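Take a look at the structure set out below.
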Amino acid sequence: MKKSFLVFYTIFSSVILFGAAVYFIFSLCNEYSHGNERTEINYNAIVSTLKNSDSFDLSSKDFTDKLSDSIGDLNNYSYLDIEYNGVKIYSYPSVNSIPQETSLTCTYKSTISKQQGDFEVQALLYLIRPTSIAYYARNAFFVVLIITLITFIVIICAKNSNYVPQENNKSIPDEEDKLAVSDEDIYCEDEAEDSEEEVYENIEEETPSISDNSSAPAPADNNVYELGNIKAKTEVEPAKLPYEDEKPARISGKSDSELYSPVTGIGWEKYLIQRMDNEINRAISSEIDLAVFVFKIPLLARNSDEIKNICNYLTLQFQFKDLLFEYKNDSLVALKIGLDLDNAMDFAEKLYSDICNILQDTNAKCYIGISTRSIRIVSGERILKEAEEASIHAQNETDSPIIAFRVDSEKYRKYLEQQQN
């Protein structure tokens with residue numbers, strides 16, 4: 001479900017709901033503005049009938065029918081009393097009713113003198129009839145109900161569609177040993193005083209977009225890393241290269257046969273760290289982000305047709321095969337310049353869906369790990385290690401084929417300020 005449709009529907013439904021409210025208010029105001037004219041016509045009809053009653057026997061059915069016709073719809077009246085020579089001949093709503101005047105009623109009283117006696121008429125007519133209020137309210141309610149039902153359907157469709165943001169935070173046991181680095185690494189300040197604590201952020205399929213921080217443990221004083229996983233498909237387009245169509249720098253002095261594997265058509269693993277360091281330096285100088293993807297596909301040989309198809313597909317998606325590399329026996333690594341973590345996770349959803357289609361005739365599965373530079377001055381080896389650990393977690397999490405390694409940027413800034421001081 002595209003974002004443009006959701007925006008259009010939001011505007012459309014808001015206009016309809018606003019129109020229903022305007023219809024209800026306008027209808028009541030219109031009836032109130034014509035209330036005096038309408039009530040006067042109704043009352044004059046009764047008076048006219050009583051003035052012309054000489055030709056009727058007051059106890060006859062003809063007079064009763066004529067009087068009932070002049071009274072009309074009783075929903076117009078709050079109170080009606082007709083007496084002849086002090087004797088009630090018509091009373092509404094009951095014989096013992098007492099008139100109660102309000103701002104929504106109009107009171108009429110008349111004495112009609114006839115040869116046989118006098119008619120005393122007292123009537124309270126509604127300026128806004130309760131039946132009209134119920135009628136307009138019912139119409140507005142049905143409009144609101146229909147829009148509400150359609151909105152629920154749209155929400156359900158949206159949950160099963162592209163927009164499946166983060167919801168739950170899930171703590172995973174200590175991973176310090178796996179991601180430990182040397183003393184010169186900028187993440188560590190003093191292992192004796194503080195220790196890194198990792199929080200992995202799970203994003204379940206068909207869940208709303210609010211992060212539930214109550215389920216995650218409180219972060220430690222040092223850096224906090226989060227791993228997010230996603231299973232849903234997406235149509236989010238990958239970010240374009242931010243260098244005005246500038247291609248990645250080639251490794252000088254190397255021919256294509258030396259740079260690219262003849263089996264997969266992508267770069268050899270031995271050039272991976274060198275290329276990552278070069279691209280990280282370019283990203284740092286341009287103050288942009290850099291995303292690293294590790295595609296872990298066990299149970300498939302490197303020379304299989306499926307792996308070749310996946311490499312061809314990734315070449316199209318990442319635009320340059322210079323940014324694609326073989327990695328170990330069961331993985332592929334891809335670099336994407338100008339892509340932050342959230343957009344990288346959305347991009348990975350599309351890649352995962354398409355790769356699963358390529359692997360549908362095999363027993364193999366794909367697991368994706370992601371890490372980004374995230375304003376850090378960091379080595380290619382470090383980011384690769386983070387993305388690889390994320391792919392290992394994705395393999396271990398049966399419901400989470402995509403996991404991203406997230407760095408707490410605020411704590412990182414504070415760490416740098418402490419280092420400068």
Side-chain angles (χ1 to χ4, degrees), residues 175-191 194-201 219-228 239 241-243 248-249 251 267 269-295 318 322-325 327-328 331-345 347-348 368-394 403-421:
E175 295 289 339
E176 286 183 60
D177 294 336
K178 293 184 179 180
L179 296 178
V181 294
S182 62
D183 292 337
E184 65 216 23
D185 193 292
I186 58 177
Y187 301 111
C188 298
E189 180 180 5
D190 188 355
E191 293 184 1
D194 301 302
S195 62
E196 292 181 350
E197 182 176 352
E198 296 176 357
V199 179
Y200 301 93
E201 177 178 294
D221 292 337
N222 257 355
N223 303 330
V224 175
Y225 304 103
E226 296 177 352
L227 288 179
L241 198 66
Y243 298 126
I251 299 177
E269 179 181 350
K270 61 184 178 180
Y271 298 122
L272 173 58
I273 298 299
Q274 180 182 351
R275 171 49 55 82
M276 289 184 66
D277 288 337
N278 290 339
E279 296 303 326
I280 289 174
N281 290 336
R282 298 175 70 196
I284 292 173
S285 62
S286 300
E287 297 183 352
I288 59 175
D289 216 330
L290 172 72
V292 177
F293 299 78
V294 174
F295 300 88
F318 286 86
D322 304 64
L323 302 178
L324 293 168
F325 296 88
Y327 185 63
K328 296 187 176 179
S331 300
L332 306 172
V333 174
L335 312 180
K336 192 68 174 177
I337 304 171
L339 202 63
D340 60 23
L341 186 60
D342 292 331
N343 288 325
M345 294 166 75
F347 184 32
I368 303 178
I370 308 170
S371 183
T372 58
R373 186 179 74 85
S374 301
I375 77 166
R376 302 175 294 169
I377 302 174
V378 63
S379 66
E381 184 177 358
R382 172 66 186 193
I383 295 184
L384 178 61
K385 183 66 174 178
E386 294 169 351
E388 183 182 9
E389 287 297 328
S391 68
I392 294 174
H393 281 293
I403 290 184
F405 190 96
R406 186 185 299 272
V407 177
D408 191 320
S409 301
E410 185 63 28
K411 290 186 179 292
Y412 180 74
R413 290 191 185 95
K414 292 180 180 180
Y415 170 77
L416 291 181
E417 292 175 358
Q418 293 173 358
Q419 292 295 311
Q420 293 175 356
N421 295 333

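The model shown is predicted, which means the values in this text are computed figures rather than measured ones.
The shortest distance between side-chain heavy atoms of T372 and D340 does not fall below 4.5 Å. Here the side chains of L324 and L332 are not in contact, with every heavy-atom distance at 4.5 Å or above. The side-chain heavy atoms of L323 and K336, taken from C-beta on, include no pair separated by under 4.5 Å. Between E388 and Y327 there is a side-chain heavy-atom pair separated by less than 4.5 Å.
Shown here for V294 and A387, the closest heavy-atom pair between the two residues is CG2-CB, 3.6 Å. Residues L339 and A291 approach most closely at O-CB, 3.8 Å, considering heavy atoms. Of all heavy-atom pairs spanning I284 and R373, the tightest one is CG1-NH1, 3.6 Å. Of all heavy-atom pairs between I368 and A394, the closest is O-CB, 4.0 Å. Minimum heavy-atom separation, A390 to G369: CB-CA, 3.7 Å.
Ion pairing between a basic and an acidic side chain is recognised when a charged N comes within 4.0 Å of a carboxylate O; K385 and E381 show no such pairing.
Considering OG of S371 and CG of L341, their distance stands at 7.5 Å, rounded to 0.5 Å. Here the CG-CZ distance, from D289 to R376, works out to 9.0 Å after rounding to the nearest 0.5 Å. Rounded to the nearest 0.5 Å, atoms CG (L290) and CZ (R282) are 10.0 Å apart. For the atom pair I273 CD1 and N278 CG, the distance stands at 11.0 Å (nearest 0.5 Å).
Panel note: side chain R275, backbone D322; a donor-acceptor pair is recorded below 3.5 Å.
Note on ring orientation: taking the six-membered ring where Trp is involved, the planes of F293 and F318 are perpendicular (angle over 60°, cut-offs 30° and 60°).
Exactly one residue among I280, L335, D277 makes a side-chain contact (heavy atoms from CB on, under 4.5 Å) with I383. That residue is I280.
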Report task. Take E389 and E386 through the side chain to side chain contact (heavy atoms under 4.5 Å, CB included) test and state the conclusion after the steps. Result -> CA-CA 5 Å; E389 287 297 328; E386 294 169 351; 5.9 Å; no

Requested in this report: Let me see the working for R406 and D342 under side chain to side chain contact (heavy atoms under 4.5 Å, CB included), right down to the final yes or no.
Outcome: CA-CA 9 Å; R406 186 185 299 272; D342 292 331; 3.1 Å; yes

